[in-house]
Structures are given as C-alpha cells and as structure tokens.
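Here is the structure we will look at.
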Amino acid sequence: MILFPAIDLKEGLAVRLEQGDMARATVFHRDPAAQARAFEVQGFHYLHIVDLDGAFAGKPVNADAVDRILETIGIPVQLGGGVRDMATVEGWLGKGVDRVIIGTAAVRDPQFVKEAAKKYHGRIAVGLDARDGKVAVEGWAETSELTALEIARRFEDAGVSAIIYTDIARDGLLKGINWEATIALAEAIAIPVIASGGLASMDDIRALLEPRARKLQGAIAGRAIYDGRLDVAEALKLIGEAEAQR
C-alpha cells in the first residue's frame with residue numbers, strides 16, 4: 001500500500017487545482033524540486049507528478065522542472081500529463097521516471113497503450129479521470145462517453161501496472177476520496193487501482209487500510225498535505241503497521 005504525495009506542475013511551479021480548473025490554481029511551492037526533497041525527507045517512498053500544462057498541450061511542457069526533481073531525489077517517480085506517443089514514454093523513462101501514466105491516449109489510442117505496456121512491462125499506468133461517471137480527456141477539458149470501467153477493461157492482460165482513478169468532482173476540494181466508485185472499479189478488474197481526488201484527512205487513510213480496500217495499490221494525496229490537514233508521520237506509520245501485519 002503506497003501513499004503518493006503529488007506535485008502538479010504549472011508554469012514550472014508546484015500547484016494544486018480545484019476540480020481540474022487551471023484558472024483555480026493555488027501555488028504551494030515555487031521550487032518543485034525542493035518540495036520533492038521535502039516529501040522524501042518526510043518518509044514517502046514514491047512521488048506522483050503531473051505536467052498540467054503538458055496535459056493540455058498534448059506534449060511535455062514542464063520538463064525542466066521534472067529534470068530538477070529527478071536530480072534531487074532518490075525515490076521512484078510516476079509521471080503523467082501530455083503522454084501521447086511512444087517517443088514521450090521513452091523520453092521520460094530514459095530520464096529516470098519509474099512509471100509513465102497515460103491518460104487521454106488511453107481513450108483515443110488504446111493500441112498505443114497496449115504496445116507501450118508490452119514494451120515496458122510494469123512501467124506503464126493508465127490515468128482515468130471521471131466526471132459524473134464518464135472519463136474526461138485533454139487535461140479534463142473534454143468528457144468522453146465512456147466509463148472508467150469500460151476503458152479499464154480494454155487493458156486487462158495488457159501489462160498495465162496500475163489504473164489511477166480520479167473523481168474530478170472531488171479533486172482539490174478536500175471532500176474525501178470517492179471510495180465507493182474507486183473500490184467498485186478495483187473489484188471489477190484485475191489491474192491494481194490507485195485512488196485519487198479529494199483525499200482530505202486521516203479518515204481517508206483509515207479507509208484505505210480497511211479490508212474492503214485490499215485490492216487498491218494506494219492513494220494520491222495533494223492539498224491535504226500542503227494544507228497540513230494530513231498528519232504525514234501518522235499516516236505513514238499506520239500504513240507501515242498495516243503492511244507489516246499482512
């Protein structure tokens with residue numbers, strides 16, 4: 001079970017959005033690499049990065065900031081935002097990213113995802129961001145007609161290492177993770193699921209460790225960490241104790 005701290009990059013800064021709206025961005029750190037190092041020092045074992053500008057542009061935009069992060073920390077990194085072709089996948093993996101997240105292309109070009117997952121087994125994740133049950137694409141600017149489950153099932157047995165499921169309506173608002181939808185997705189597919197969007201407090205950490213959430217690979221935390229609403233030391237302690245008992 002992994003708790004992933006999130007760094008969302010906009011114009012080279014570490015920000016958090018509300019419901020994916022670029023106009024509702026709060027800057028939490030002007031030096032993303034320093035923030036990443038702080039997360040490592042706190043005891044996190046894996047970092048989640050999103051190139052927000054890249055998600056809209058359809059190609060990497062914040063590469064310089066990512067490079068500085070990779071040079072600064074020693075923990076693994078998963079990264080998404082604007083990954084639409086194999087060259088981008090290979091570019092990030094070559095720079096030292098441990099796992100690349102593919103979002104929009106999972107809807108538009110599932111064959112590309114399958115080819116990437118086959119070529120780089122265990123290093124490709126799929127990001128499914130849902131609004132009212134339907135998956136949004138292009139940096140959440142557009143909504144498809146497909147559900148997260150319909151898309152996730154495309155990649156069963158394809159070698160995808162994880163599905164990152166985000167409830168857009170809760171993202172950045174500290175309303176708590178949508179556990180019902182997230183766990184339902186995890187129980188319907190064999191691919192491990194990571195919960196995202198709205199993690200607000202220790203209640204979410206305890207929910208993550210309940211038996212019903214046993215199929216989840218972990219959860220992503222953003223604003224709750226930056227705002228100090230989540231006791232990081234206590235959260236990591238609880239997760240460590242739960243892992244030791246398994």
- Note on the structure: Nearest heavy-atom contact between Gly176 and Ala200 is N-CB, 3.8 Å
- How close do His29 and Ala34 get, heavy atom to heavy atom, and via which atoms? CE1-CB, 3.8 Å
- Message: Whether the side chain of Arg99 engages the backbone of Ala162 through a donor-acceptor N/O pair (distance < 3.5 Å, no angle test) should be reported.
- Response: no
- Message: Do Ile189 and Glu156 make a side-chain contact, defined as non-hydrogen atoms from C-beta onward lying under 4.5 Å apart?
- Response: yes
- Message: One pair to check against side-chain contact (heavy atoms from CB on, under 4.5 Å): Phe44 and Ile225. What are the steps and the verdict?
- Response: CA-CA 12 Å; Phe44 288 103; Ile225 299 175; 3.8 Å; yes
- Quick one: does Asn62's side chain have a donor or acceptor within less than 3.5 Å of a partner on Asp51's backbone? no
- Mind checking the CG-CG spacing from Leu128 to Leu185? Nearest 0.5 Å is all I need. 7.0 Å
- Tell me, with the steps shown, if Asp85 and Thr88 meet side chain to side chain donor-acceptor pair (under 3.5 Å). CA-CA 6 Å; Asp85 54 44; Thr88 303; 2.7 Å; yes
- Item | Considering all heavy atoms, the nearest His48-Ile164 contact | CE1-CD1, 4.2 Å
- Do Ile102 and Arg84 touch side chain to side chain, with heavy atoms closer than 4.5 Å? no
- Item | Side chain Glu234, main chain Asp231, donor-acceptor under 3.5 Å | no
- Task: Only one of Ile220, Ile239, Val232 passes side-chain contact (heavy atoms from CB on, under 4.5 Å) with Leu3; say which it is.
- Result: Ile239
- Note on the structure: Between Ile163 and Ala152, the two heavy atoms sitting closest are CD1-CB, 4.3 Å
- Should Ile183 and Ile191 be counted in the same cluster of Ile, Leu, Val, Met, Phe, Trp and Tyr side chains packed under 4.5 Å apart? yes
- Determine whether more than 12 heavy atoms belonging to other residues, nucleotides or ligands lie under 6.0 Å from atom NE2 of His45. no
- Task: Report, as yes or no, whether the 6.0 Å neighbourhood of atom NZ on Lys134 holds more than 12 heavy atoms from other residues, nucleotides or ligands.
- Result: yes
- Report yes if some heavy atom in the side chain of Leu209 is under 4.5 Å from a heavy atom in the side chain of Leu238; otherwise report no. yes
- Is the backbone of Asp203 close enough, under 3.5 Å, to the side chain of Ser201 for a donor and an acceptor to pair up by distance? yes
- Message: Please determine whether a side-chain nitrogen of the Lys or Arg among Lys118 and Glu115 lies less than 4.0 Å from a carboxylate oxygen of the Asp or Glu.
- Response: no
- Message: So for atom CZ, which belongs to Arg229, do other residues, nucleotides or ligands contribute more than 12 heavy atoms lying within a distance under 6.0 Å?
- Response: no
- Task: Side-chain contact test, heavy atoms from C-beta onward, threshold under 4.5 Å: evaluate it for Val50 versus Ile101 and give yes or no.
- Result: no
- Polar contact flag, side-chain donor to acceptor under 3.5 angstrom, Gln35-Tyr226: no
- Query: Run the side-chain contact (heavy atoms from CB on, under 4.5 Å) check on Leu70 and Val77 step by step: do they pass?
  - Reply: CA-CA 8 Å; Leu70 294 172; Val77 168; 3.9 Å; yes
- Item | Lys119 with Glu90: basic N within carboxylate O range, under 4.0 Å | yes
- Task: Indicate yes or no: at least one non-hydrogen side-chain atom of Lys95 is less than 4.5 angstrom from one of Val66.
- Result: no
- Can you check whether Val126 reaches Val113 side chain to side chain, under 4.5 Å on heavy atoms? yes
- Where do Asp98 and Tyr46 land on the side-chain contact (heavy atoms from CB on, under 4.5 Å) test, with the steps shown first? CA-CA 10 Å; Asp98 186 70; Tyr46 214 124; 2.6 Å; yes
- Message: Hydrophobic clustering (ILVMFWY, side-chain heavy atoms < 4.5 Å, transitive) - are Phe155 and Val89 grouped together?
- Response: yes
- Joint cluster assignment, Trp179 & Leu230, ILVMFWY side-chain distance < 4.5 Å: yes
- What about Leu47 and Leu199, same hydrophobic cluster or not, with Ile/Leu/Val/Met/Phe/Trp/Tyr joined at side-chain heavy-atom distances under 4.5 Å? yes
- Item | Carboxylate-amine/guanidinium proximity below 4.0 Å for Arg206 and Glu210 | no
- How far does CZ of Phe56 sit from NZ of Lys10, to the nearest 0.5 angstrom? 9.5 Å
- Value rounded to 0.5 Å, distance of OG1 in Thr166 from CG in Asp129: 4.5 Å
- Item | Steps toward side-chain contact (heavy atoms from CB on, under 4.5 Å) verdict (Leu208, Leu216) | CA-CA 8 Å; Leu208 179 65; Leu216 297 181; 4.1 Å; yes
- Query: Checking Asp204 side chain against Ile177 main chain: does a donor-acceptor pair fall under 3.5 Å?
  - Reply: yes
- Task: Start with the C-alpha gap between Tyr165 and Asn178, add the side-chain angles, then the distance that decides, and say whether side chain to side chain donor-acceptor pair (under 3.5 Å) holds.
- Result: CA-CA 10 Å; Tyr165 178 75; Asn178 185 340; 5.1 Å; no
- Task: Give a yes or no on whether the backbone of Ile2 and the side-chain of Gln217 come within a donor-acceptor separation of less than 3.5 Å.
- Result: no
- Task: Hey, could you give me the CG/CG distance between Leu9 and Asp64, rounded to the nearest 0.5 Å?
- Result: 11.0 Å
- Going from CG on Asp167 to NZ on Lys175, what distance comes out if it is rounded to the nearest 0.5 angstrom? 9.5 Å
- Task: Could you tell me whether a side-chain N or O of Arg37 sits under 3.5 Å from a main-chain N or O of Ile69, the two making a donor and an acceptor?
- Result: no
- For Arg214 and Pro211, indicate whether the former's side chain and the latter's backbone hold a donor-acceptor pair under 3.5 Å. yes
- Within a strict 4.5 Å, meaning less than it, do heavy atoms of the Phe39 and Ile7 side chains meet? yes
- Are Leu79 and Val61 in one and the same hydrophobic cluster, where Ile, Leu, Val, Met, Phe, Trp and Tyr link if side-chain heavy atoms are under 4.5 Å apart? no
- Task: Considering non-hydrogen atoms only, spot the tightest contact between Met86 and Phe112 and give its length.
- Result: N-CE1, 3.3 Å
- Note on the structure: Smallest heavy-atom separation, Ala106 atom then Ile151 atom, equals O-CG2, 3.9 Å
- Measure the CD-OG distance between Gln78 and Ser161 for me, rounded to the nearest 0.5 Å. 8.0 Å
